[in-house]
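Heads up: the structure comes next, in structure tokens.
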Amino acid sequence: MTSNEERPGSGRRFQRALVTGGSGFLGSHVCDALVAAGTAVVCLDNHCTGDPANVAHLMGHPLFSLVTADVSEGAEVAGRVDLVLHLASPASPSDYARLPLETLAAGGPGTAAALRVARRDGARFVLASTSEVYGDPLEHPQREDYWGNVNPVGPRAMYDEAKRYAEALTTTYGRVHGLSTGIVRIFNTYGPRLRADDGRAVPNFIRQAVADLPLTVYGSGDQTRSLCYVDDTVAGLLALAGSDHPGPVNIGSQEEVTVRDLALLIRDLTGSRSVLDFRPAPPDDPRQRRPDIGRARRLLGWSPRVPLREGLLRTIAATAERPSLSRAEP
Ligand SMILES: NC(=O)c1ccc[n+]([C@@H]2O[C@H](COP(=O)([O-])OP(=O)(O)OC[C@H]3O[C@@H](n4cnc5c(N)ncnc54)[C@H](O)[C@@H]3O)[C@@H](O)[C@H]2O)c1
């Protein structure tokens, strides 16, 4: 883990943070980084898509506690916090398709509950938003002042619109109650602890490649993704938390790769004999996604540091150490 202390823009130290969704992929790395920086962490999660195993190594640590609860039903957190990071939400397309109303609730009532904790304690609040607020973008790369191209009744609407509402709620709540709020728009992130069955391209390809199964490529494979290694994303999120800036700030990699090249790279790095298996593209699958990260560079001094090949090697190695992550129902 790259310490956020080494990063510019992350000067402020927090005493005690609430991390909703803290036992998920990103949230568990956020908990790690905060504890490593000496911040006490209350991790609140209902484990609907996360896994307590992601924070098992923190259990018993004096700075860490785990609360099992659904943030959409309210966040009862005993004791004062000075930072609230709201990450709780299903995040992969297969998860939010399986949990559509829960996803809307995490963005609506869940965000409101997390904001109320921040208001109660006068804490800094940061929302983990997403590049999905840009929908299938008509501008490339996407800057924060682009309003997006989202289908409000499409198959991904429960996620995209929940996050758009969560952004509006965060901004409005901050204005009305004079609360310090920030919004990070996270682009595709990968790394250790991504669930093999969560449907995202990197864990899918790794799981299939290590088993020499065909690598499932949806569509022509010419669609591009920009993949950011988790340590970089966490550093960006914490840099915004440590600033007073309201955002939104894009956090992501500008290294664009086609899905076909990604599959081939993972095949090479795993030494796999898998072939590529092309399937029809899902509806509303974005064709191209790449952040403009000029704002993050200027305001936070942040930019990603881990090249794709290096990050994939680390992810593959971690998957081998926790083989349960590479097993999933086909
Ligand atoms: N990973 C990415 O590439 C990415 C990209 C953009 C945005 N994000 C955002 O970052 C956050 C974390 O994403 P992730 O990739 O770690 O996903 P994840 O599914 O691994 O983690 C989400 C966590 O939130 C928990 N959760 C969901 N609903 C909850 C509820 N109602 N109450 C309590 N806990 C709840 C889940 O159990 C899980 O632990 C999400 O808000 C997501 O929208 C992630």
Side-chain angles (χ1 to χ4, degrees), residues 18-32 42-55 66-77 85-114 117 126-134 142 156 158-167 170 183-203 225-234 236-237 248-253 286 289 291 304 311 315 325:
L18 167 65
V19 182
T20 74
S23 69
F25 159 58
L26 261 179
S28 62
H29 288 278
V30 168
C31 292
D32 281 344
V42 180
C43 165
L44 186 149
D45 204 298
N46 67 355
H47 313 306
C48 66
T49 60
D51 184 350
N54 288 337
V55 289
L66 177 63
V67 175
T68 302
D70 182 342
V71 71
S72 305
E73 291 174 1
E76 300 299 325
V77 178
L85 300 175
H86 182 45
L87 282 84
S89 169
S92 86
S94 60
D95 284 341
Y96 53 74
R98 182 172 58 85
L99 299 166
L101 295 175
E102 292 84 347
T103 302
L104 284 160
T111 303
V117 175
V126 174
L127 171 71
S129 185
T130 172
S131 56
E132 300 287 339
V133 299
Y134 300 120
Q142 291 84 54
R156 304 165 81 108
M158 73 293 270
Y159 184 64
D160 305 3
E161 296 293 12
K163 289 290 185 181
R164 289 169 71 94
Y165 176 75
E167 287 200 8
T170 299
I183 295 169
V184 280
R185 291 187 180 149
I186 301 169
F187 283 63
N188 286 346
T189 297
Y190 70 100
R193 302 182 197 154
L194 263 176
R195 277 184 10 250
D197 64 347
D198 91 350
R200 286 181 265 197
V202 169
R225 295 291 180 267
S226 309
L227 298 165
C228 193
Y229 188 65
V230 63
D231 288 5
D232 283 327
T233 299
V234 169
L237 191 148
V249 176
N250 288 337
I251 294 293
S253 165
R289 208 41 105 35
T315 309
L325 291 182

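Remember, it's 1-based here, ligands and their atoms both numbered in the order they're listed. Atom set for the values below is all heavy atoms of this structure, side chains included, hydrogens, waters and symmetry mates excluded.
Not close to ligand 1: G110, with no non-hydrogen atom less than 4.0 angstrom away.
Using a 4.0 Å cut-off to heavy atoms of A69, the atoms of ligand 1 that qualify are 32 (N), 33 (C). Numbered from 1 in the order shown, with element, the atoms of ligand 1 that lie under 4.0 Å from a heavy atom of K163 read 40 (C), 41 (O), 42 (C), 43 (O). Shown in contact with L26 at under 4.0 Å from a heavy atom are these atoms of ligand 1, numbered in order with element: 10 (O), 16 (O), 44 (C).
Scanning V184, I186, N54, D70 for the heavy atom closest to atom 4 (C) of ligand 1 points to I186. Of the listed residues (T130, T68, D45), the one carrying the non-hydrogen atom nearest atom 25 (C) of ligand 1 is D45. For atom 22 (C) of ligand 1, the nearest non-hydrogen atom from the set G27, S89, G50, A106 belongs to S89.
Of the protein's non-hydrogen atoms, the one nearest atom 35 (C) of ligand 1 is N46 OD1, 3.1 Å. The nearest heavy-atom contact from the protein to atom 8 (N) of ligand 1 is Y159 OH, 3.9 Å. For atom 2 (C) of ligand 1, the nearest protein heavy atom (residue, atom name, distance) is R200 NH1, 3.3 Å. The shortest contact between atom 19 (O) of ligand 1 and any protein heavy atom is with T49 OG1, 2.6 Å. Protein heavy atom nearest atom 7 (C) of ligand 1, with residue, atom name and distance: S129 O, 3.3 Å.
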